[in-house]
Amino acid sequence: MEKTNTHSRRNFLKLSAQAGMVAGLSSVALKGFGHTAVFDEAPSVEKIPYTQQPLPYAYNALEPVIDAMTMEIHYSKHATTYAKNLADAVVAEKVDAQSTPLEKLLANVSRYSPKMRNNAGGHYNHELFWQSMAGPNSSAQPQGKLKAAIEKDFGSVEAFKSQFSDAGKNRFGSGWAWLVSTPGGKLVVSSTPNQDNPLMDVAEVKGIPLLGLDVWEHAYYLKYQNRRPDYIAAWWNVVNWNVIQRRFEGA
Ligand code: MN
């Protein structure tokens, strides 16, 4: 379970390269918060820094599935605000971000304010979400060990997608659908309200989030209006399974 920061950094850099992230992100990540401690309580996944990272592609890269204006508002307004409010909460609640990886904070989030819960979750979830997507030519289907695990735990990739899509469609109001690696190693689908996620001690289903889908209206309303199921159906075309595979292998 324990992992040194060196290992974590290497994984993060590999993930960054896989995601085709912009040059310069590596140095940003290494200068960021939370990469100095041995990660001894929270799950061993690629770490997400406390600060918003550059979007790994252009605002229009996911068209026609997600339009450029939605991406721009989502990234530069909504997600930026979560990151800013998280930074404020970290100061106000005296979190030592250098020695507390974000994942560890999330694992203890019930000890903090609702502002921390909403914005730590909001920031983490969006960083994960951006990384999980890429242009139409990224890998379109799960492969290798991840595919085998999905087939073992859901029966087939299509059955998994159906269950995951239903979790997104059936989330009343705002929230997320998740593919989660549980502590026992089994893959499950879950859904959380608001900006909660499976890393949180308050989550109904706990584990490592491998893939998350934002079903807040701000994620799709400009193009899809009330048609959330259409957004979800189209979204599968921009999932970057290479990144999910990396996350699975690190979980
Ligand atoms: Mn969002």
Side-chain angles (χ1 to χ4, degrees), residues 19 21 45-46 48-89 102-103 105-106 109 114-135 164-180 189-200 202-203 205 209-240 243-244 247:
M21 290 180 178
V45 281
E46 284 84 2
I48 286 182
Y50 279 78
T51 50
Q52 189 177 36
Q53 302 300 300
L55 193 67
Y57 34 73
Y59 289 135
N60 66 1
L62 306 179
E63 288 195 343
V65 174
I66 302 178
D67 60 285
M69 182 171 282
T70 295
M71 282 301 296
E72 179 168 2
I73 295 170
H74 200 178
Y75 176 84
S76 72
K77 306 295 183 190
H78 293 279
T80 297
T81 301
Y82 294 125
K84 182 190 176 301
N85 288 341
L86 169 60
D88 292 347
L102 180 57
E103 292 80 0
L105 183 147
L106 291 167
V109 82
K115 177 175 179 175
M116 183 72 85
R117 174 174 171 175
N118 290 335
N119 291 287
H123 170 65
Y124 181 95
N125 296 349
H126 285 85
E127 291 289 307
L128 195 81
F129 187 55
W130 313 135
Q131 290 176 9
S132 303
M133 300 185 290
F164 185 101
S165 297
D166 285 347
K169 289 177 205 168
N170 296 333
R171 163 52 51 195
F172 185 76
S174 299
W176 292 73
W178 300 102
L179 173 63
V180 184
V189 161
S190 75
S191 171
T192 53
N194 305 314
Q195 294 294 353
D196 287 357
N197 72 40
L199 291 172
M200 292 181 174
V202 295
V205 176
L210 300 179
L211 176 64
L213 171 59
D214 189 344
V215 296
W216 284 58
E217 282 188 345
H218 69 225
Y220 63 86
Y221 201 84
L222 290 180
K223 183 177 170 78
Y224 297 91
Q225 293 85 46
N226 62 315
R227 302 186 305 277
R228 189 192 285 184
D230 292 353
Y231 157 67
I232 295 173
W235 176 76
W236 290 112
N237 294 305
V238 293
V239 172
N240 187 343
V243 172
I244 316 312
R247 213 173 273 146

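Nothing fancy with the numbering, it's 1 onward along the sequence. Since this is a predicted model, take the numbers as computed values, not measurements. Order of listing sets the numbers, starting from 1, for every ligand and every atom in it.
Annotation: angle subtended at the Mn ion (ligand 1) by His218 NE2 and His74 NE2 is 90°, to 10°.
Using a 3.5 Å distance cut-off with no hydrogens or angles, the side chains of Trp235 and Ser165 do not pair a donor with an acceptor. At a cut-off of 3.5 Å, with distance as the only test, no side-chain donor of Ser191 or Trp176 sits close to an acceptor on the other residue.
Residue His78: no N/O/S atom is found under 2.8 Å from the Mn ion (ligand 1).
A side-chain donor-acceptor contact under 3.5 Å links Arg228 to the backbone of Val215.
Residue Ile66 holds its CD1 atom at 10.0 Å from NZ of Lys223, rounded to the nearest 0.5 Å.
Minimum-distance N/O/S atom of Asp214 relative to the Mn ion (ligand 1): OD2.
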